[in-house]
Amino acid sequence: MGWKVLSLSALVLAFAGLSHTSTVSAAPLPRVLVLATGGTIAGSAPSPSDVTGYRAGVIGVDALLSAVPEIESIADVRGEQLCNIDSKDMTDEIWRQLAARVNEIVAGDDVDGVVITHGTDTMEETAFFLSLTVKTNKPVVLTGAMLPATARNADGPRNLLDAVRVAARPESADKGILVVMNGKIFAAKEVTKTHTTKIDAFTSPDFSPLGYVDENGVAFERTPNLPRLHFPAETPLPRVDILYGHEGDDGTLAEAALRAGAKGIVYAGMGNGNIPAKAEKILVKASEKGIVVIRASRSNSGPVLPADPSYTAAGFIDGSVLNPQKARILLRIALGQTEDQEEVRRIFREYLNP
Ligand code: SIN
């Protein structure tokens, strides 16, 4: 779909004006580029009643846009296909390509906002990666769907329309990377997928959504506290593993992660980031050798704050409001810049207290 300078109604108005003595010129629509990466929004199932047994990342961007002809009255929309994958298979390479492409698009003067269609499974991770590697004040909005495009009650078309509504609005500028799902607008730092199958699968556990969107418009209720850290899109991403705390963790998996070459470990601990003693012993030794350990939590909400003094003495970093998967991304990016534990700590501090 190419750029269109005037909407149909604007053309009618302009024509009506020409038939009289003066011309009426309508303001051009905002220009939004839809960058498609796959996901359930581009998923296809054998029948309209199939909502689980389907393939994600099958349908192309032109078909996604054709399903929502109303989009033409909201924005002048152009589609571009970056990849077409199930987002569980997201890779570092695609992240770097995506960040580089978004940086390129927003640097041009022919686009006012960007929408990225994406699988919901890793949407929060991609949004978070982009929030650290894309530098723009233009709106950049990720959206997806919980039901495949072929489902009778598919939610993708509405989410795509809503995302374009948000990307097209000037008040969406300077809000960082946004996620729009089920009528809610979230900040990349805060959003997470909290339900496996429901259409209302996304929340910001410790915060309210930034705002809401529907056919009546876009309403922001607050502005996110944006981190000022930015890193190059082609940043190195050293290996960091997430270990999930559980009863009886004897540190075997921590040892395996270290053997596999992890430069950092995010421990998704119990409650306020607590680590079973045997696993802690392995992590203390790792920290002494320069491996960075972040304390996160397997609980779905609440910050990880300083706890047992032995964690502080060992140099473990408190993950604060970052869930394990986001703490892992920040740690990988930080370790891509420096191997110095104190410098990594400074990056976390600066990120968490903008
Ligand atoms: C995916 O993440 O690509 C599949 C699941 C989804 O989009 O909901």
Side-chain angles (χ1 to χ4, degrees), residues 34-68 79-99 101-102 114-131 140-164 166-167 177-186 188 190-205 209 213 242 300 323-326 328-329:
V34 175
L35 200 48
T37 70
T40 293
I41 192 168
S44 175
S47 102
S49 55
D50 287 342
V51 291
T52 50
Y54 61 89
R55 276 186 57 214
V58 175
I59 293 171
V61 66
D62 289 341
L64 296 187
L65 293 174
S66 314
V68 281
E80 185 178 311
Q81 192 83 43
L82 186 98
C83 60
N84 212 350
I85 60 163
D86 188 318
S87 80
K88 70 179 169 54
D89 298 320
M90 182 51 73
T91 64
D92 296 353
E93 212 26 65
I94 296 176
W95 268 356
R96 292 192 191 99
Q97 277 171 22
L98 180 61
R101 184 68 189 120
V102 176
V114 178
V115 168
I116 300 165
T117 58
H118 196 287
T120 63
D121 283 351
T122 59
M123 186 183 291
E124 69 192 84
E125 287 171 70
T126 297
F128 188 74
F129 178 75
L130 294 179
S131 74
V140 177
V141 183
L142 281 87
T143 195
M146 292 299 291
L147 300 173
T150 46
R152 200 166 284 118
N153 49 347
D155 54 331
R158 177 216 167 168
N159 286 338
L160 181 54
L161 269 181
D162 282 349
V164 170
V166 173
I177 306 293
L178 301 171
V179 167
V180 166
M181 287 292 290
N182 200 37
K184 297 172 189 157
I185 310 168
F186 299 101
E190 300 166 357
V191 69
T192 187
K193 184 175 180 181
T194 49
H195 200 279
T196 50
T197 51
K198 265 194 333 198
I199 281 175
D200 198 21
F202 283 77
T203 52
S204 284
V213 50
I242 299 176
N300 292 326
N323 67 21
Q325 53 273 32
K326 289 183 189 175
R328 173 177 176 266
I329 293 168

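Keep in mind that the numbers below use all heavy atoms, side chains included, and drop hydrogens, waters and symmetry copies. Order of listing sets the numbers, starting from 1, for every ligand and every atom in it.
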Ser47 versus Ser49, side-chain donor and acceptor atoms under 3.5 Å: yes

If you look only at pairs with a residue in residues 119-131, which of them pass as a salt bridge (Lys or Arg N to Asp or Glu O under 4.0 Å), with sequence neighbours excluded? Asp121-Lys193

From CA spacing to verdict: side chain to side chain contact (heavy atoms under 4.5 Å, CB included), Val179, Lys184: CA-CA 8 Å; Val179 167; Lys184 297 172 189 157; over 6 Å; no

Ring-plane angle category for Phe202 and Phe186, please: parallel below 30°, perpendicular beyond 60°, tilted otherwise. tilted

Stepwise side chain to side chain contact (heavy atoms under 4.5 Å, CB included) test for Met181 and Thr143: CA-CA 6 Å; Met181 287 292 290; Thr143 195; 3.9 Å; yes

List the steps and the verdict of side chain to side chain contact (heavy atoms under 4.5 Å, CB included) for Thr37 and Ile94. CA-CA 9 Å; Thr37 70; Ile94 296 176; 5.8 Å; no

May I have a table of the N/O to N/O pairs between ligand 1 and the protein that fall below 3.5 Å, each row giving the two atom names and the distance to 0.1 Å?
unit_1   : atom_1 : unit_2 : atom_2 : d
ligand 1 : 2 (O)  : Ser87  : OG     : 2.6
ligand 1 : 2 (O)  : Thr120 : N      : 3.2
ligand 1 : 2 (O)  : Asp121 : N      : 3.0
ligand 1 : 3 (O)  : Asp86  : OD1    : 3.2
ligand 1 : 3 (O)  : Ser87  : N      : 2.6
ligand 1 : 7 (O)  : Thr40  : N      : 2.9
ligand 1 : 7 (O)  : Thr40  : OG1    : 2.9
ligand 1 : 7 (O)  : Thr120 : N      : 2.8
ligand 1 : 8 (O)  : Thr40  : OG1    : 3.0
ligand 1 : 8 (O)  : Thr120 : OG1    : 2.4
ligand 1 : 8 (O)  : Ala145 : O      : 3.2

